[in-house]
Amino acid sequence: MNHWLLKSEPDVFSYYHLEAAPGRRTVWDGVRNYQARNILRDEIQVADLVFFYHSSCKEPAIVGVCRVTRTGLADPSQFDPASDYFDAKSDPTNPRWITIEVEALRALKHPITLKDMRKDSALQEMALLNRSRLSVQPIRAEEWSHILHLAADDGHFHE
DNA sequence: GCCAACGTTGGC
DNA sequence: GCCAACGTTGGC
């Protein structure tokens, strides 16, 4: 089982939108970068775990944990002329943009901010810090558990 | 709102 | 296939 990070702008679609969605699930539409598409199409598998990252906002941070529930889906927005993500060149019999479905598992008690990650010597290799524009990224197993540990055990308990 | 990084497009 | 122009991302 592998671990990933998905970025979303919270003004457009936040982790909390996902928790409120039917079945706490959504098809991850709108990715229009080939490198990110290739990861979605070829690498991510059902039952993989995903960090939900909020980008382009006041406090960029990992805010929740999701699970992959379906793979190999044609992104429906590519065929919708009304969508911002419409792609007239995508052939319905051979769709260009393939994506996954994810399900919200839980919000982190304490979001792990980009600032936190930059300061943490265990996280310096993260793609988020080095290849920051890629919207679908792999997370190493050690990074995954390190971040979860920070999120639960940093003295900021809210329950 | 600025701008650096970087992906995409298209002329040659 | 190079590369300049252009567009987008996303932190600040």
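Note on naming: letters A, B, ... go to the chains in the order of the sequence lines (proteins, then strands), and numbering restarts at 1 for each one.
Residue Arg133(A) contributes atom CZ, which lies 6 Å from atom C1' of dG7(B) at whole-angstrom precision. Distance CG (Asn33(A)) to P (dT9(C)): 9 Å, rounded to an integer number of Å. In this structure, Arg96(A) places its CZ atom 12 Å from C1' of dT8(B), rounding to the nearest Å. In this structure, Met126(A) atom CE and dG10(C) atom P are separated by 14 Å, rounded to whole Å. Computed from coordinates, the Ile39(A) CD1 to dG7(B) P distance equals 12 Å when rounded to whole Å. Across the protein-nucleic acid pair, Met117(A) atom CE and dG11(C) atom C1' stand 12 Å apart, rounded to whole Å. One atom, CD of Gln35(A), and another, P of dA5(B), lie 18 Å apart when rounded to the nearest Å. In this structure, Asn130(A) atom CG and dT9(C) atom C1' are separated by 16 Å, rounded to whole Å.
Side chain to side chain, Thr69(A) and Arg24(A) fail the donor-acceptor criterion of an N or O pair below 3.5 Å.
Closest of all the heavy-atom pairs between Asp116(A) and Pro111(A) is OD2-O, 4.0 Å. Pairing each heavy atom of Ala141(A) with each of His3(A), the nearest pair is CA-ND1, 4.1 Å.
In Tyr16(A), the OH atom is crowded: over 12 heavy atoms of neighbouring residues, nucleotides or ligands sit closer than 6.0 Å.
For dT9(C), neither phosphate oxygen OP1 nor OP2 lies less than 4.0 angstrom from any side-chain nitrogen or oxygen of Lys7(A). Phosphate contact (OP1/OP2 of dC12(C), side-chain N/O of Arg118(A), threshold under 4.0 Å): present.
A tilted orientation is assigned to the rings of Phe13(A) and Phe52(A), their planes being inclined by 30° to 60°.
Sorted by residue number, the members of residues 51-60 of chain A with any non-hydrogen atom under 4.0 Å from DNA chain C read Tyr53(A), Ser55(A), Ser56(A), Pro60(A).
The shortest side-chain heavy-atom distance between Ile139(A) and Asn2(A) does not fall under the 4.5 Å cut-off.
Among residues two or more places apart in sequence or in another chain, the side-chain contact (heavy atoms from CB on, under 4.5 Å) test is passed with Arg96(A) by Tyr34(A), Arg37(A), Gln78(A), Asp87(A), Lys89(A), Ser90(A).
The side chain of Ser135(A) lies closest to dG10(C) when the candidates are dG7(B), dG10(C), dC12(C).
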